[in-house]
Number of protein chains: 2
Amino acid sequence: MYDRILRDKELKVTPQRIFILEEIRKMGHAGIEDLHERVKEVYSSVSLATIYKNIHILVEENILREVPIHGRKPVYEINIGDHVHLCCTKCGEVSDIMDIDTAPMLKEAERQSGHKYERIAVMLQGVCKNCSN
Amino acid sequence: MYDRILRDKELKVTPQRIFILEEIRKMGHAGIEDLHERVKEVYSSVSLATIYKNIHILVEENILREVPIHGRKPVYEINIGDHVHLCCTKCGEVSDIMDIDTAPMLKEAERQSGHKYERIAVMLQGVCKNCSN
DNA sequence: CTGGTTGCAAAATTTTTGCACTGGT
DNA sequence: ACCAGTGCAAAAATTTTGCAACCAG
């Protein structure tokens, strides 16, 4: 799966890399430190430096996307294009909403500002369904 | 102006604080380091620690708002409520669009997720009007 | 083989903390 | 006069870098 994506970007397919990507996919959204913990469970020798280096490269190549969050360190996700993010102010869980159309807002913003859009990030913060019970 | 806001939050009105707020208002959006440079020009003894401490308190009290940005450190602005942000991928300039209504998207997101909204952050990245010339 | 990748340690950067002192109320 | 706020220095936390060894292509 990810070996193909890596090869297409002319990145070497190392077990660490594959595992990092697999783990982020499983987690949905991962912070650097969490990710390191998870990867270490299997590749116990993996260094934080390797995590950082890979995150940078993978974000650079648009395989991952950085999701900045108000008041915390960013998390990373597999890049599946623009979509709306939710972040629970209680449990901290980050999740996605895939089927909201941001295009109308985008068009309007472009019209008003003359800014040429490349990417949009929408982050909704509040208490998630689980935590409000 | 800001002395009133500070007093209302039971924060002491120090010249450093007033100046920090004035400066952020003037700049529109300011990073920690930039802000420190600016403040130092007038209060040359002001320490970075003081900037950090104040930014934290002022964000906590909702006088300032942190604006997280993909791939960089956050900037801070006077909190004027939710609005759309633009960030130029060329010059880095951050600016506001005040009159885009995010409510429809918000409603839809709440409906889909059951998430109870508290705040929304919309960040549009791309080349700004100036830089595209 | 060869160059990209890894792991380790060290360095650099960024942020926080402790404490004496100052200044706002 | 009291205690929040400041400034400085030191500590802690985070991220980057250099380099030898390693391994995917």
Under the side chain to side chain donor-acceptor pair (under 3.5 Å) rule, collect the residues that match up with A:Tyr2, sequence neighbours excluded.
none
Could you tell me whether the phosphate oxygens of D:dC23, OP1 or OP2, come under 4.0 Å of any side-chain nitrogen or oxygen in A:Gln16?
no
Output yes when A:Glu41 and A:Arg38 qualify as a salt bridge under the 4.0 Å nitrogen-oxygen rule, no when they do not.
no
Take the protein atom [atom1] of [X] and the nucleotide atom [atom2] of [N], then report the distance between them rounded to whole Å.
X: B:Tyr76; N: C:dT15; atom1: OH; atom2: C1'; value: 10 Å
X: B:Tyr43; N: D:dT6; atom1: OH; atom2: P; value: 11 Å
X: A:Phe19; N: C:dT6; atom1: CZ; atom2: P; value: 14 Å
X: B:Ile18; N: D:dG5; atom1: CD1; atom2: P; value: 13 Å
X: B:Leu21; N: D:dG5; atom1: CG; atom2: P; value: 13 Å
X: B:His36; N: C:dT14; atom1: NE2; atom2: P; value: 13 Å
X: A:Tyr2; N: D:dA24; atom1: OH; atom2: C1'; value: 21 Å
X: B:Ile20; N: D:dG5; atom1: CD1; atom2: P; value: 12 Å

Where the side chain of B:Arg7 is concerned, which of C:dT15, D:dT15, C:dT25 is the nearest nucleotide?
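Nearest to the side chain of B:Arg7 among the choices is C:dT25.
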Where each residue is assigned the nucleotide of DNA chain C containing its nearest heavy atom, which of B:Val13 and B:Pro74 is assigned the position nearer the 5′ end?
B:Pro74
If you assign each of B:Ile32 and B:Thr14 to its closest nucleotide in DNA chain C, which residue comes earlier from the 5' end?
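With B:Ile32 and B:Thr14 compared, the 5'-side residue is B:Ile32.
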Side chain proximity check, [X] to [Y], heavy atoms < 4.5 angstrom:
X: B:Arg72; Y: B:Cys87; result: yes
X: A:Ser95; Y: A:Cys128; result: no
X: A:Ile78; Y: A:Leu21; result: yes
X: A:Leu6; Y: A:Leu58; result: yes

Below 4.0 angstrom, which residues in residues 44-65 of chain A have at least one non-hydrogen atom near DNA chain C?
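Contacting residues: A:Ser45, A:Val46, A:Ser47, A:Ala49, A:Thr50, A:Lys53, A:Asn54.
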Could you check whether [Y] and [X], counting side-chain N and O atoms only, form a donor-acceptor pair closer than 3.5 Å?
X: B:His29; Y: B:Asp96; answer: yes
X: A:His70; Y: B:Arg65; answer: no
X: A:Glu77; Y: A:His85; answer: yes

Could you pull out the protein-nucleic contacts involving nucleotides 2-4 of chain C (nitrogen or oxygen on both sides, under 3.5 Å)?
from  : atom 1 : to      : atom 2 : distance (Å)
C:dG3 : N2     : A:Lys12 : NZ     : 3.1

